[in-house]
Amino acid sequence: MTSGFDDIPFFDEEPLPRNPGPRNPAPGQQASPAAGQTKEGDAKAPPPGLGAGLGIAARAMAARDQHRAPDYLAGLNPEQREAVESLDGPVLVLAGAGTGKTRVLTTRIAHILATNRAFPSQILAVTFTNKAAREMKERVGHLVGGAVEGMPWLGTFHSIGVKLLRRHAELVGLTSDFTILDTDDVVRLIKQLIQAEGLDDKRWPAKQFAAMIDGWKNKGLDPAQIPEGDARAFANGRGRELYTAYQNRLKSLNACDFGDLLLHPIRMFRANPDVLKDYHQRFRYILVDEYQDTNTAQYMWLRLLAQRAAGPVNVCCVGDDDQSIYGWRGAEVDNILRFEKDFPGAKVIKLERNYRSTEHILGAAGFLIAHNEGRLGKTLFTDRVDPNDEKVVVHAAWDSEEEARAVGEEIEQLQRKQHKLNDMAILVRASFQMREFEDRFVTLGLNYRVIGGPRFYERLEIRDAMAYFRMVCQPADDLAFERIVNTPKRGLGDTTVRTLHDYARARDIPMLAAASEIIETDELKPKARKALFDVVTDFRRWQDLLETTPHTELAEQILDDSGYTAMWQNDKSAEAPGRLENLKELIRSMEAFESMRSFLEHVSLVMDAETNENLDAVSIMTLHSAKGLEFETVFLPGWEEGLFPHQRALDEGGRAALEEERRLAYVGITRAKRRCHLWFVSNRRIHGLWQSTMPSRFLDELPPAHVEVAEAETSYGGYGRGGYGQSRFDKQEPFANSYSTPGWKRAQANKTDATRDNWGSRSGHAVERIGYGESGPRGQTIEGQLVAKSTSNEPSKFTVGDRVFHIKFGNGNVAVVEGNKLTIDFDRAGQKRVLDGFVERA
DNA sequence: CCGGTTTGAGTTTTT
DNA sequence: CTCAAACCGG
């Protein structure tokens with residue numbers, strides 16, 4: 001097999017390839033099939049079958065030669081193959097859900113490398129998330145055999161932005177060791193600014209302004225460019241000044257926020273055409289994933305890099321306009337809709353052959369999304385039609401509790417048929433919906449994992465620890481200093497910090513430097529002075545150790561010496577052990593890095609929690625975080641007007657917002673490979689009060705041919721004209737009546753057995769949280785398994801009054817004991833009934 | 001400086 | 001309703 005990989009100098013960064021660009025025809029030329037053939041003929045010793053994919057004849061030749069085509073092209077369908085092989089000129093790949101989008105991207109990279117078109121270092125490949133970048137690296141690596149280290153420009157928009165900035169920081173007024181501030185830092189900084197302006201920080205919440213800045217930066221706007229109306233809308237009309245002040249403060253801190261990671265490179269390129277030209281020469285091929293999610297700033301960034309003066313624009317954007325669900329945070333669907341205008345002569349390739357779902361699921365999703373007007377229009381299809389395939393099922397429930405109960409029941413039934421929990425997911429519109437399912441699954445002893453929410457590095461203890469490390473590496477990081485100067489408590493309260501802050505600002509020096517000066521004076525009370533002296537001494541010592549001590553060792557030492565570890569060791573709260581565990585994890589993860597500095601860099605951009613693959617558990621997440629994932633069985637609860645589509649989308653966003661909600665519904669349905677169950681309830685508690693609800697309009701937009709209504713639970717009303725609502729609830733059925741439906745009876749009959757089975761034969765119940773970190777009902781971070789400590793046959797080892805600890809609800813007192821079922825008064829969560837295997841003595 | 005109490009807000013989330 | 005942040009009193 002002559003794949004051609006052997007002779008590619010993967011690690012060679014700077015020079016041009018040996019056989020660079022003459023094969024690049026002018027844009028537009030490749031639109032003609034004949035050009036494709038000519039190119040084929042011209043190719044310098046191309047691997048057989050490559051460079052084809054345009055004309056019919058060329059394709060036929062490719063087919064003829066297929067047995068000699070490189071491995072990595074085998075198994076691609078014609079459209080995928082065309083997307084992989086159309087290397088010259090702009091290409092837009094409209095890849096529907098489950099049509100092999102990632103495969104196309106990765107294979108395309110492999111193809112570029114295999115045909116010696118470019119060095120790995122000459123390919124710019126951009127994704128949105130680290131996860132996507134990682135996956136791409138992995139898969140390219142798999143295709144080309146571990147040479148991905150040679151692809152330095154594969155990453156997220158932001159990580160590539162950082163890389164550019166570190167190289168050219170001085171061009172935008174930074175030094176290359178600038179800090180990256182996360183949302184939390186930004187909000188605290190803005191709050192300081194608002195206060196410094198003498199504004200009421202309650203009337204003008206820092207969070208809100210941070211969101212405004214974020215919005216402006218998403219649109220690529222400098223303070224001078226923001227709309228007058230926007231500027232007036234905040235801080236008594238001083239929005240623009242505040243934005244300016246913010247940017248100045250960032251500069252003096254030598255810091256960037258996330259938006260700057262995109263905007264600074266744009267500014268830099270515009271002000272320095274020679275630098276831009278360098279990158280034009282470097283990036284011979286550009287690939288963009290999830291193009292429908294790009295915002296204006298990212299678009300500008302891309303345009304700058306793609307507009308090469310000489311040679312074709314070899315840019316390939318992959319996306320799906322039907323899966324654009326981030327309009328509310330600045331994504332411009334328009335970017336993908338007008339790709340052909342932006343890149344004249346662009347080739348548009350649609351991938352519509354779906355490899356994921358049944359015909360019913362595709363039929364339902366396709367019919368639904370066809371109700372949107374602003375789309376390019378794709379229809380997914382599959383050949384794999386099986387008469388046994390289940391239709392999409394619509395279920396009705398009385399309220400959200402019944403909904404959760406019934407979904408739990410369905411899951412247990414599937415489980416009894418040997419279905420893996422890992423193959424099932426519950427996808428909700430809003431995170432408050434998760435709770436009901438969690439509660440239910442805890443009671444059932446069903447393993448689940450919650451995905452989403454604050455990341456590992458956003459957890460309190462991680463951020464604190466990171467602030468210490470930041471201070472050691474970057475003594476000028478005032479935000480870090482303020483965060484930990486009194487954590488743990490050292491008697492350095494607001495008054496002291498304020499004094500110090502003022503002292504530092506007056507002299508325009510960092511706070512740590514100010515601290516070492518101020519302790520020489522008598523401006524502070526002796527007590528504070530001594531405490532501050534200790535802090536300064538500590539940091540001096542750690543800074544000295546930075547060069548000599550291994551960084552993990554130093555990190556440990558910092559946390560111990562500062563008293564931070566001790567602080568959590570002395571903390572009696574339920575989450576303290578978890579936090580200590582997280583700190584250990586933090587240190588562990590540092591081992592993979594060369595230095596504390598490089599670790600800090602990664603943590604601010606790249607770090608996130610990993611799922612425990614070994615645990616079999618149902619996934620619970622929002623529809624937004626489900627994008628890109630797939631499951632055998634998907635449950636979609638809460639399809640009610642006001643929740644889905646969400647009321648706010650209906651109120652504020654007009655048709656565009658409604659269409660985005662519909663795309664969200666489309667994303668939800670297309671996550672399912674084999675089974676897709678939609679639910680709506682007629683009563684839901686919102687902000688504490690019960691409201692009766694109408695079924696979602698999206699349900700009425702589904703095609704009857706691919707959908708059935710679950711008779712078991714409803715027994716009232718069917719699917720069809722007039723919706724679902726009246727049928728069931730206009731009859732004024734009493735609450736109890738729904739409990740006599742066949743579905744409920746079955747549930748009752750199964751429940752006891754199921755519970756017993758669970759306890760007798762399974763190892764127990766485990767809960768995993770990916771992301772969520774802080775305390776409260778959203779829970780502490782819990783991973784791994786709790787082993788059930790009793791079965792139903794034995795009397796409970798707990799008695800009334802025992803003090804117990806529950807993995808989700810925290811500490812509480814046993815109020816009632818019935819066999820192995822306990823009623824517990826939890827300190828924070830209130831009274832709950834739980835199986836005793838879930839609790840341990842506190 | 002700490003802890004209990006009041007108050008207000010309550011889609012979606014990545015970097 | 002339920003949470004987190006702000007507030008106030010010891």
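Computed from a predicted model, the values in this text were never measured in an experiment. Below, chain A is the first sequence line, B the second, and so on; all start at residue 1.
A gap of 14 Å separates the P atoms of dT11(B) and dA4(C), to the nearest Å. For dA5(C) and dT12(B), the P atoms lie 16 Å apart once the distance is rounded to whole Å. Of the C1' atoms belonging to dC3(C) and dT14(B), the separation is 24 Å, rounded to the nearest Å.
Within the structure, every side-chain polar atom (N or O) of N130(A) is placed at least 4.0 Å from both OP1 and OP2 of dT14(B). Listed pair T622(A) / dT13(B) meets the phosphate criterion, a side-chain N or O lying under 4.0 Å from OP1 or OP2. Residue S625(A) places none of its side-chain N or O atoms closer than 4.0 Å to OP1 or OP2 of dT12(B).
Taking the nucleotide of DNA chain B with the nearest heavy atom to each of A649(A) and R490(A), the more 5' of the two is matched to R490(A).
Both geometric conditions, a ring-centre gap below 5.5 Å and a plane tilt below 30°, are not fulfilled together for F258(A) over the base of dT14(B). Both thresholds, 5.5 Å between centres and 30° between ring planes, are met by H646(A) relative to the base of dT11(B), so the two rings are stacked.
Look at CG on N683(A): it is 16 Å from C1' on dC1(C), rounded to the nearest Å. The CH2 atom of W639(A) sits 15 Å away from the C1' atom of dT12(B) (whole-angstrom rounding). The distance between atom NE2 of H602(A) and atom C1' of dT15(B), rounded to the nearest whole Å, is 14 Å. Between the C1' atom of dT11(B) and the NZ atom of K207(A) lies a distance of 14 Å, rounded to the nearest Å. If you take CG of L643(A) and P of dT12(B), they are 10 Å apart, rounded to a whole angstrom. In this structure, the CG atom of D257(A) is 10 Å from the C1' atom of dT15(B), given to the nearest Å.
Side-chain proximity of T183(A) to the nucleotides dT11(B), dT12(B), dT15(B) is greatest for dT15(B). Of the candidates dT15(B), dT11(B), dT2(C), the closest approach to any side-chain atom of R435(A) belongs to dT2(C).
Using a 4.0 Å heavy-atom distance criterion, I160(A) is classed as making no nucleic acid contact. Using a 4.0 Å heavy-atom criterion, one finds that G491(A) contacts the sugar-phosphate atoms exclusively. Nucleic acid contact for E652(A): none, since no nucleic acid atom lies under 4.0 Å from a heavy atom of the residue.
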(request) Toss me the dot-bracket line for DNA chain B: Watson-Crick and G-U wobble, both under 3.5 Å, 5' to 3', using | for pairs to another strand and [ ] for crossers. (result) ||||||||||.....

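Salt-bridge formation is not detected for the pair D651(A)/R648(A): no Lys NZ or Arg NE/NH1/NH2 atom is positioned less than 4.0 Å from an Asp or Glu carboxylate oxygen.
Side chains of Y246(A) and D257(A): a donor-acceptor N/O pair is present below 3.5 angstrom, by distance only.
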Quick test: give all pairs of protein nitrogen or oxygen and nucleotides 7-10 of chain C nitrogen or oxygen below 3.5 Å, distance rounded to 0.1 Å.
from   : atom 1 : to      : atom 2 : distance (Å)
dC7(C) : OP1    : K202(A) : NZ     : 2.2

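Every side chain to side chain donor-acceptor pair (under 3.5 Å) that R429(A) has, sequence neighbours left out, goes to E661(A).
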